[in-house]
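Every number for a ligand or one of its atoms is a count from 1 in the order of the listing. All values reported here derive from a predicted model rather than from experimental measurement.
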Amino acid sequence: MYAGGIALVLCICVSIAVFCYLKSQYLSLACEEFNDQHISAGEELGRYIYSLANDIGGGVVDMGRYYGSAFEDRMEILANNLVKNEAFSHIFFLGSNGEFYGDEGIVAPENPEFIAKAYAELEELDYSGDGMYVGMRLSAIGSNSEPRIMIVSPVYAGNVIRGYVSGIIDTDRLFESPLFDYQKARGKCFVVDTEGQILAKTANMTNDDKASFRDTVLAICRDSEDNRNSLTGIRYALNKNDSGYVVVRTLKGLEMQINFCPIKNVNGLSYLCCYTPGLQDEMFRPMLFWSVLACIFIMVLMIICMLMVWANAKHVNMTVEKLAYEDPVTKGKNFSYFREFALDTIMSSPNTNYAIYRFDISNFRYINESYGHIRADHILEACIKNFEQIFSDEELCVRMNSDQFLALVINDATLEKRKNDFRAAVNADTRSRNIKYPIRFKTGIYHVKKNDHDIDMMIDHANVARKSVGRDTKDMEVAYTEKIVDNMRKIDRIESMMHKALTELEFKVYLQPKWDIVNDHVCGAEALVRWCRPDGSIIPPDKFIPIFENNGFVEQLDFYMLESVCAMLRNTIDEDGSVYPVSVNQSRLLLHSPDYVDNVAAIIKEYNIPYGLIELEITETVFENGRDDMIRIVGELKELGIRVSMDDFGSGYSSLNVLKDVPFDVIKIDREFFADTAENEEAGVILRKIVDMVNELGKQVVCEGVEYEEQVALLREMGCSCVQGYFYSKPVPAPEFIERYFRK
Ligand code: C2E
Ligand code: CA
Ligand code: CA
């Protein structure tokens with residue numbers, strides 16, 4: 001736009017320059033034309049007067065021949081002939097003896113004094129050249145002293161001048177030739193003598209009829225020095241027989257061009273033309289009009305072009321901005337826009353409490369796989385749309401990638417309500433699209449503090465908080481705290497050490513006995529992992545198993561545990577020890593790996609473990625996904641001679657269906673459930689029924705976490721034959737356990 005403005009100004013400047021150039025060219029052309037016209041008209045005047053002189057000359061030669069005899073007759077014939085020529089107003093002969101023939105309107109023949117004076121005047125004329133006088137006025141001739149153009153020819157009889165024939169040109173007919181039309185249409189023509197007296201003219205310049213050309217011009221012009229100099233210049237040039245033009249300025253301020261030239265062959269006469277004041281400007285006006293119009297047209301075209309270019313550039317800008325700031329999936333803004341918007345908003349309202357929310361949709365992968373990505377994208381779109389409707393303009397939500405969202409919200413009293421409305425609206429939208437899966441958000445929150453300027457840091461912190469939302473936690477929102485970072489660091493530390501720890505055999509098998517409370521002796525064991533650090537410290541499993549479950553390392557660990565237990569059993573058997581079934585915990589992740597059963601079979605086979613000695617403990621959460629597959633896997637494990645137990649029955653939301661559908665050998669009742677029974681009578685009733693039911697189903701019941709003798713007694717009385725707990729023993733290192741329980 002700025003460049004466009006400069007181009008426009010340049011264009012105007014160029015137009016003005018071109019216009020000035022055109023004007024000067026045009027004016028000089030006009031001057032030239034005026035000049036040409038003037039000179040050819042001046043030549044015509046010369047030719048005309050000269051032809052009249054020839055007329056007179058022819059007659060006069062004739063007269064001279066007859067002088068004396070039939071002179072009077074000749075004079076009469078000549079006069080008659082010439083008078084018929086309307087170019088003359090008067091024609092007469094004045095003889096040396098005072099004779100007068102001709103038109104009496106011009107002289108008074110009866111006054112001899114006057115005649116003598118007139119004759120003397122004629123005698124003094126310059127008859128050089130072709131022997132005639134053409135031009136000058138003759139003041140003594142005529143009853144008034146009007147200026148006249150005369151042609152005088154002496155009449156010779158032999159060598160003696162006998163008189164003069166004089167013709168006075170009718171000045172009214174001087175400018176009759178069409179050659180004067182051009183100038184008559186554009187100004188006024190004058191014939192003046194050497195004194196500047198006007199001898200003939202086409203019209204008056206003013207109401208006053210001035211005799212002098214100078215006075216005539218000065219009457220309509222400013223009496224300025226310039227004008228006077230111009231007029232003097234004319235005279236000076238004419239005296240030198242030059243032609244040309246001058247420009248004077250009239251009283252109205254208009255320029256008037258005066259062209260001048262001497263009339264050829266005519267003594268002391270000049271032809272002048274005063275062109276109409278301001279004529280050139282007037283002539284130039286149409287051209288001026290059209291050029292200005294053309295300039296305006298070009299400029300308007302230019303402005304239109306510029307506007308079009310500008311509109312186009314704006315459109316391109318908008319498209320670029322859209323591409324740069326729009327998320328194509330949700331049609332909302334994108335991450336780049338969020339960063340700028342959030343920082344600006346936070347900085348401009350330092351007194352508002354803002355929070356950065358970083359959230360994703362839990363199990364979105366499942367929605368994507370089950371409903372297809374197009375329908376899943378609708379959910380993402382619904383998130384942005386509903387956020388915009390429910391939250392204010394100072395709040396913003398964008399999608400970062402896949403199902404990851406980022407929001408800037410105002411942390412005020414109604415935030416909870418807005419959040420609930422948002423969740424409800426997104427779920428309603430989802431249901432309306434026939435997606436039955438409930439939408440839950442896993443959210444990390446960062447509360448913006450005063451003087452927080454680093455938006456990336458805020459987003460990172462919210463993300464750290466989001467990552468710390470557990471897989472199965474009910475509370476899906478976590479606010480960023482230093483503790484979370486601490487935990488993250490711990491997780492990082494554990495993850496950085498775990499691989500080395502496995503190869504360096506830092507994971508140790510501990511065994512906790514299962515006790516037959518009917519016969520009061522050991523009847524089995526559960527293998528529990530302990531991480532024994534080189535510095536002697538022992539890390540309990542609940543500090544690292546959840547982390548390994550998250551990162552998948554638990555698979556390797558569980559196989560390692562299984563193999564260690566098999567190796568230990570094989571050793572004990574080989575050393576003739578009495579062995580009992582040992583159970584190994586199997587993570588949910590493990591069972592979903594495709595060659596799980598094969599791997600287990602390979603280990604059992606490698607160590608040649610007798611039928612029924614290995615028991616695998618799985619929790620019922622395994623059956624949440626792919627229930628039929630899990631049931632098949634349990635069946636396959638049992639075919640390998642492996643006992644399968646259901647761990648932690650009674651914790652969480654146990655389902656009796658699992659009991660019915662899955663062919664477990666053992667049901668392990670969770671310590672939490674059992675801990676309640678002492679005070680809670682109803683829990684006791686339920687426990688009794690469960691024990692009964694499991695017994696009746698032909699499965700074994702194992703109660704975990706037995707710490708007191710009374711518990712043992714109660715369980716015994718309820719019909720539970722096997723327990724596990726600190727009452728009998730804490731988990732102990734495998735070698736110690738073998739020493740204590742498996743040696744004969
Ligand atoms: P779990 O499978 O339910 O194991 C029983 C837990 O109860 C053990 O905790 C055991 O030490 C504890 N316990 C036993 N008797 C009593 C008692 O009388 N009172 C109390 N308060 N606790 C008792 P531990 O060894 O800390 O293991 C915790 C959990 O870690 C286990 O729960 C199991 O889920 C997991 N885990 C342990 N080892 C492995 C493993 O090798 N693989 C897998 N996947 N998970 C393991
Ligand atoms: Ca267990
Ligand atoms: Ca358990």
query: atom 12 (C) of ligand 1: which protein heavy atom is closest, and how many Å away?
result: Y726 OH, 4.3 Å
query: Which residue owns the protein heavy atom closest to atom 15 (N) of ligand 1, what's the atom, and how far is it?
result: Q512 NE2, 3.0 Å
task: Using a 4.0 Å heavy-atom threshold (strictly under), name the region of R671 that reaches ligand 1: side chain, backbone, both or neither.
output: side chain
- prompt: Is the distance between the Ca ion (ligand 2) and the nearest N/O/S atom of S583 smaller than 3.0 Å?
  reply: no
message: Looking only at N, O or S atoms in D647, which is nearest to the Ca ion (ligand 3)?
response: OD1
- request: Hey, can you tell me if F387 and F391 have their rings parallel, tilted or perpendicular (30° and 60° cut-offs)?
  value: parallel
query: Are N420 and R423 linked by a side-chain donor-acceptor pair shorter than 3.5 Å?
result: yes
- request: Using a 4.0 Å heavy-atom threshold (strictly under), name the region of D648 that reaches ligand 1: side chain, backbone, both or neither.
  value: side chain
- prompt: Of all the non-hydrogen atoms in the protein, which one sits nearest to atom 44 (N) of ligand 1, and at what distance?
  reply: D558 OD1, 3.1 Å
- prompt: Is the Ca ion (ligand 3) less than 3.0 Å from at least one N/O/S atom of E704?
  reply: yes
task: Would you mind checking if E617 and R643 are paired as a salt bridge, meaning a charged N to carboxylate O distance below 4.0 Å?
output: no
query: Taking atom 26 (O) of ligand 1 as the point of reference, which of P541, S729, P540 owns the nearest heavy atom?
result: P541
- request: Measure the distance from atom 34 (O) of ligand 1 to every protein heavy atom, then report the residue, atom name and distance (to 0.1 Å) of the closest one.
  value: N585 OD1, 4.7 Å
- prompt: Taking atom types as modelled and ignoring hydrogens, do the side chains of Q700 and N695 form a donor-acceptor contact shorter than 3.5 angstrom?
  reply: no
- prompt: What do you think, any protein heavy atom under 4.0 angstrom from atom 41 (O) of ligand 1?
  reply: yes
message: Does any N or O of ligand 1 fall below 3.5 Å from an N or O anywhere on E707, backbone included?
response: yes
message: When you compare the side chains of N411 and H447, does any donor N or O come within less than 3.5 Å of an acceptor on the partner?
response: yes
- line: Nearest heavy-atom contact between I614 and C566 is CD1-SG, 3.9 Å
- request: Mind listing the closest non-hydrogen atom pair of P731 and R530 along with its distance?
  value: CG-NH2, 3.5 Å
task: Using distance alone, decide if ligand 1 has a nitrogen or oxygen within less than 3.5 Å of any nitrogen or oxygen in V529.
output: yes
- prompt: Under 4.0 angstrom from ligand 1, any heavy atom of K668?
  reply: no
message: Which atom name would you report as the N, O or S atom of E617 nearest the Ca ion (ligand 2)?
response: OE1
query: What do we get for D647 next to ligand 1 when only non-hydrogen atoms under 4.0 Å count, side chain, backbone, both or neither?
result: side chain
- request: Examine all N, O or S atoms of D648, backbone included, and report whether one is under 3.0 Å from the Ca ion (ligand 3).
  value: yes
query: Just to confirm, does any protein heavy atom lie below 4.0 Å from atom 20 (C) of ligand 1?
result: yes
message: Give me the nearest non-hydrogen protein atom to atom 31 (C) of ligand 1 as residue plus atom name, then the distance to 0.1 Å.
response: L528 CD2, 4.2 Å
- request: Can you see which heavy atom on F338 is nearest to which on L408, and at what distance?
  value: CE1-N, 3.5 Å
query: Is the closest basic N to carboxylate O distance between K483 and D486 below 4.0 Å?
result: no
- prompt: Would you say the side chains of D452 and Y446 form a donor-acceptor pair under 3.5 Å?
  reply: yes
- prompt: Which ligand 1 atoms are under 4.0 Å away from a heavy-atom of M561?
  reply: 41 (O)
message: Quick test: of every protein heavy atom, which one is nearest to atom 5 (C) of ligand 1, and how far off is it to 0.1 Å?
response: E704 OE2, 3.8 Å
Heteroatom distance test (D542, ligand 1): nitrogen or oxygen, under 3.5 angstrom: no
message: For ligand 1 and Q586, I'd like to know whether there is a polar contact (N/O to N/O, distance under 3.5 Å).
response: no
query: Are the side chain of N427 and the backbone N or O of I439 linked by a donor-acceptor pair below 3.5 Å?
result: yes
- prompt: Where the side chain of D648 meets the backbone of S651, is there a donor-acceptor pair that is under 3.5 Å apart?
  reply: no
- prompt: Side chains of Y596 and Q586: donor-acceptor distance under 3.5 Å anywhere?
  reply: yes
message: If the cut-off is 4.0 Å to any non-hydrogen atom of G725, which atoms of ligand 1 fall inside it?
response: 15 (N), 18 (O)
query: Taking atom types as modelled, is there a side-chain donor on K514 or S583 under 3.5 Å from an acceptor on the other?
result: yes
task: Around atom 11 (O) of ligand 1, find the nearest protein heavy atom and jot down its residue, atom name and distance.
output: P731 CG, 3.4 Å
- request: Check whether any N, O or S atom of E526 sits under 3.0 Å from the Ca ion (ligand 3).
  value: no
query: Does F364 reach the side chain of Y437, with side-chain heavy atoms less than 4.5 Å apart?
result: no
- request: Run the numbers on R533 and E506 for salt bridge (charged side-chain N to carboxylate O under 4.0 Å, His left out), then give the verdict.
  value: CA-CA 6 Å; R533 300 284 300 138; E506 287 178 23; 2.7 Å; yes
- prompt: Does ligand 1 have any atom that is closer than 4.0 Å to a heavy atom of R530?
  reply: yes
Contact bool for atom 2 (O) of ligand 1 (protein heavy atom, d < 4.0 Å): yes
